[in-house]
Amino acid sequence: MRCSRGKCTNPAIIYQRYSGLHLCEPHFIAAVERKVKKAMRKQLMIEYGDRIAVALSGGKDSSALLYMLKEKIFHDRNDLEFFAIAVDEGIKGFRSATLRNAERVAKELEIDCFIYSFAHEFGFTLDEIVAKGFDQAPCTFCGVLRRRILDVKAKEMGATKVVTAHNLDDEVQTILINYLRGDIERLGRLQGRRAEFVPRVKPLRDVYEKEVALYAFAAGIPIHTIHCPYASLSFRSTVKSMLNELERKHPGTKYSLLRGYARVSEFLPAVQTERKLLRCELCGEASASRICKACEIIGKMN
Ligand code: SF4
């Protein structure tokens with residue numbers, strides 16, 4: 001098939017069922033980068049002199065995003081400074097491979113990459129948490145502790161913006177999980193401002209996971225296809241399969257869900273007012289309750 005754009009005669013590398021377009025490589029790359037720029041403008045403007053921390057796992061999403069920001073979208077912005085923060089949760093046979101890739105990508109892009117581990121920051125690895133046999137899925141602990149490291153280290157290192165590589169699939173999964181759990185508070189927090197933390201941006205929020213992978217492939221970014229051994233144990237994994245099936249039968253479902261959420265979220269209390277958080281009585285970090293989730297996990301482990 002030929003590309004559907006104007007008089008372009010290039011062969012298409014993708015058929016977007018949700019838009020009905022066939023796109024060649026240059027037009028596909030341009031379309032992804034346009035979406036990323038638009039998403040960034042919508043969420044938060046990058047300002048003169050920003051020091052931008054990018055959460056880098058070494059997977060396809062964060063590697064492609066870092067490349068796109070540094071080499072394409074902001075390639076002529078000498079006033080901006082990028083650095084990467086990577087987290088080693090301590091997942092045997094998985095994380096060390098992706099971290100090697102993260103270091104490689106950062107080196108190729110001439111960006112400093114700082115790696116922080118659960119073992120060093122909290123005194124235990126995710127594998128050790130899992131070995132305790134708690135009721136919650138590993139991702140629940142992992143998400144809390146990773147977020148803590150990213151928030152604290154970004155602030156300590158003087159970042160003025162934090163960029164994460166959540167794509168459209170990640171975002172709609174999170175929205176649906178919160179709907180299904182009836183967790184309206186958390187649903188609002190997805191959009192709400194977080195006064196105590198460095199402002200966050202999710203530039204890939206409007207790009208399908210498959211398209212991020214194709215972008216990374218087309219741009220020649222080294223990616224790993226290795227998966228976390230704990231991913232399938234999470235509720236997210238069930239929701240992900242469900243959404244993929246819906247998208248397969250009804251192309252555009254994920255976009256509709258995201259657009260619907262954007263409208264509904266205007267009425268959620270956490271979005272209407274800047275959230276005022278408490279301070280955790282144990283560590284002093286911002287928290288929704290007296291004891292923050294990270295300290296709860298540390299308490300459980302001790
Ligand atoms: Fe952590 Fe779950 Fe992601 Fe594995 S899949 S790295 S446990 S959040």
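In what follows, every heavy atom counts, from backbone to side chain, and hydrogens, waters and symmetry copies are set aside. Read the numbers this way: they start at 1 and go in the same order the structure lists the ligands and their atoms.
For the pair His227 and ligand 1, no heavy-atom separation below 4.0 Å is found.
When hydrogens are left out, the protein atom nearest atom 7 (S) of ligand 1 is Leu126 CD2, 3.6 Å; that is the closest non-hydrogen contact. Given atom 3 (Fe) of ligand 1, the protein heavy atom at minimum distance is Arg146 NH1, 4.0 Å.
Ligand-side atoms of ligand 1 in range of Cys142: 1 (Fe), 6 (S), 7 (S), 8 (S), range being under 4.0 angstrom from any heavy atom. Residue contact check: Ala231 has heavy atoms under 4.0 Å from atoms 5 (S) of ligand 1. Interface of Arg95 with ligand 1, defined as ligand atoms under 4.0 Å from a residue heavy atom, comprises 6 (S).
For the pair Asp50 and Lys161, the salt-bridge criterion is met [side-chain N within less than 4.0 Å of a carboxylate O]. Using a 4.0 Å cut-off between charged side-chain N and carboxylate O, Glu247 and Lys254 make no salt bridge. In this structure, Glu296 does not pair ionically with Lys300, as no charged nitrogen and carboxylate oxygen lie closer than 4.0 Å.
Ring geometry, Tyr116 versus Phe114: the interplanar angle falls under 30°, so the pair is classed parallel (tilted spans 30 to 60°).
Glu33 and Tyr215 share a donor-acceptor pair across their side chains, judged by distance under 3.5 Å alone. Checked by atom type, the side-chain pair Ser62/Ser57 shows a donor-acceptor distance below 3.5 Å.
Counting heavy atoms only, Cys228 comes closest to atom 5 (S) of ligand 1 of the residues Ser234, Cys228, Ser237, Ser232.
Look at Cys139 and atom 2 (Fe) of ligand 1: an N/O/S atom of the residue is under 2.8 Å from the metal.
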